[in-house]
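All remarks here apply to the structure that follows.
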Amino acid sequence: MNPRARFQPPGMGSGSMHPNTNSNFQPRNPQQYIQRGPAPYQHQQQQQHFQNQQTQQWLRRNQSPSADSTVDEVEKTVQAEAVDQSSQDWKAKLKIPSPDTRYRTEDVTATKGNEFEDYFLKRELLMGIYEKGFERPSPIQEESIPIALTGSDILARAKNGTGKTAAFCIPALEKIDQDKNAIQAVILVPTRELALQTSQVCKELGKHLKIQVMVTTGGTSLKDDIMRLYQPVHLLVGTPGRILDLAKKGVCILKDCSMLIMDEADKLLSPEFQPSIVQLIRFIPANRQILMFSATFPVTVKDFKDRYLNKPYVINLMDELTLKGITQFYAFVEERQKIHCLNTLFSKLQINQSIIFCNSVNRVELLAKKITELGYSCFYIHAKMLQDHRNRVFHDFRNGACRNLVCTDLFTRGIDIQAVNVVINFDFPKNSETYLHRVGRSGRFGHLGLAVNLITFEDRFNLYRIEQELGTEIKQIPPQIDQAIYCQ
């Protein structure tokens with residue numbers, strides 16, 4: 001059965017509002033469309049439409065059927081023109097950022113041609129979507145948004161950097177009733193940085209809505225969170241332990257929560273988080289909707305799906321695992337040569353921003369110190385730092401205050417920094433899942449990126465195994481790297 005055939009909003013006529021519209025989508029009722037915006041001239045259009053209706057009723061009583069049908073045609077024309085004018089007017093007032101003209105791969109361009117307006121979203125939400133710079137849905141957004149709007153559970157798998165966050169934030173914002181003072185949706189994420197990033201996306205997309213978004217994570221003041229929950233909150237974003245703690249204390253009321261979203265679901269179902277998730281679900285109504293998103297889905301996800309999801313709609317856009325735009329190289333080095341090799345890479349590569357991964361907290365700090373001594377700007381971040389310090393580093397790096405960031409795997413999950421075009425594995429990861437998430441920090445949203453792996457004699461078997469498991473090729477680094485493969 002065609003998945004899109006399942007999405008048939010009631011009371012909509014046939015036809016198409018846009019030349020690229022998927023034929024299974026129905027256009028919205030023009031009258032509803034006009035009534036959404038509060039603009040003064042729209043009120044005049046409504047009055048004019050009301051007068052047309054009165055005229056039509058008078059003519060029905062006093063004219064022949066042929067004249068009646070003519071009036072119908074006139075009224076349809078007036079309505080259509082009003083909708084066109086209305087649609088052009090609100091779009092013209094938007095503050096849309098300059099389009100991103102960088103090259104994009106088919107990871108995000110191979111779409112079915114849908115527009116965001118095809119999903120019958122609130123106008124205020126559409127305004128936020130366009131002002132965020134989103135032009136049209138990516139493949140994962142096309143697949144998941146209409147299904148999520150029907151209320152179905154979803155298990156979705158898509159590559160890093162292809163728009164998964166908006167794929168669940170948009171339906172969550174659309175379904176929330178802003179006049180109802182209750183938490184109606186919860187978004188769970190595994191790290192504090194990802195919670196801050198996701199809540200920021202929700203706020204930006206919903207800036208024209210009156211939806212209150214709150215973020216809560218470990219490492220911050222519990223008292224502040226409790227005080228905040230006495231104010232209206234519609235959408236809660238956070239890490240599982242903190243939200244469970246607040247729910248147990250009776251200050252985080254989830255009895256009206258109809259949507260539970262799990263981002264990086266495989267990590268949330270690891271032994272570290274799964275007990276908290278299972279307890280948290282007991283606070284949420286039985287008729288809730290669960291959406292699960294990730295790039296990798298191990299067996300734990302299947303067990304959870306079978307137990308908690310109701311006839312989930314499964315989306316898998318992972319015909320291959322690594323992003324098409326990322327070129328991967330390895331350099332075979334001895335441990336003592338790594339710093340020298342890194343220095344050479346810095347001098348030869350055209351780096352916008354780079355993320356450099358180490359396998360331990362101690363090595364992160366030592367490497368950051370060495371890079372600074374070599375004369376390059378460098379930040380570092382790891383899980384043992386104070387939360388305020390972590391937040392400041394994340395914020396400053398994201399805003400371009402520094403070119404290089406050294407970190408542990410804390411930073412592999414979901415972190416989206418568009419300017420990063422080079423990832424360097426100073427220490428090679430132990431498994432393919434970690435490798436996939438690390439290299440996915442570059443080449444975001446279909447752009448080009450470069451991944452360079454420093455490989456020692458001990459890493460050679462891991463390199464081969466990861467290549468096999470991911471079905472990808474990591475080539476030996478050439479003496480000169482063409483900038484065109486990672487800088488377009």
Phe273 ring centre to Lys267 NZ or CZ under 6.0 Å, with the angle to the axis within 45°? no

Is the gap between the ring centers of Phe428 and Tyr435 under 6.0 Å? yes

Please determine whether a side-chain nitrogen of the Lys or Arg among Glu365 and Lys369 lies less than 4.0 Å from a carboxylate oxygen of the Asp or Glu. no

Within the 3.5 Å criterion, strictly below it, is a donor on Arg438 or Asn425 matched to an acceptor on the partner's side chain? yes

Are more than 12 heavy atoms from other residues, nucleotides or ligands located less than 6.0 Å from atom NZ of Lys370? no

Would you please say whether a donor-acceptor pair under 3.5 Å links the side chains of Ser294 and Asp266? yes

Sorted by chain and residue number, the side chain to side chain contact (heavy atoms under 4.5 Å, CB included) partners of Asn181 (sequence neighbours excluded) come out as Pro232

Establish, from distance only, whether the side-chain atoms of Tyr464 and Glu469 form a donor-acceptor pair under 3.5 Å. no

Charged N to carboxylate O under 4.0 angstrom, Asp224 versus Arg228? no

Do the charged groups of Lys122 and Glu124 touch, with an N to O distance under 4.0 Å? no

Test applied, side chain to side chain donor-acceptor pair (under 3.5 Å); reference residue, Glu193; option that passes from Arg398, His395, Arg390: Arg390

Would one find more than 12 heavy atoms of other residues, nucleotides or ligands at under 6.0 Å from atom CG of Asp388? no

Step through it carefully: locate the ring centre of Phe168, locate the ring centre of Phe293, and say whether they are under 6.0 Å apart. yes

Anything under 30° is parallel, anything over 60° is perpendicular, the rest tilted; go ahead and classify Tyr380 against His382. parallel

Verify salt bridge (Lys or Arg N to Asp or Glu O under 4.0 Å) between Glu458 and Lys430, making sure each step is shown before the conclusion. CA-CA 11 Å; Glu458 289 76 22; Lys430 298 286 187 284; over 6 Å; no

Distance only, no hydrogens: is a donor on one side chain within 3.5 Å (strictly under) of an acceptor on the other, for Gln141 and Lys164? no

Taking Phe357 as the fixed residue, which of Val423, Ile424, Asp427, Leu367 is the one that meets the side chain to side chain contact (heavy atoms under 4.5 Å, CB included) rule? Val423

Polar contact flag, side-chain donor to acceptor under 3.5 angstrom, Glu204-Gln200: yes

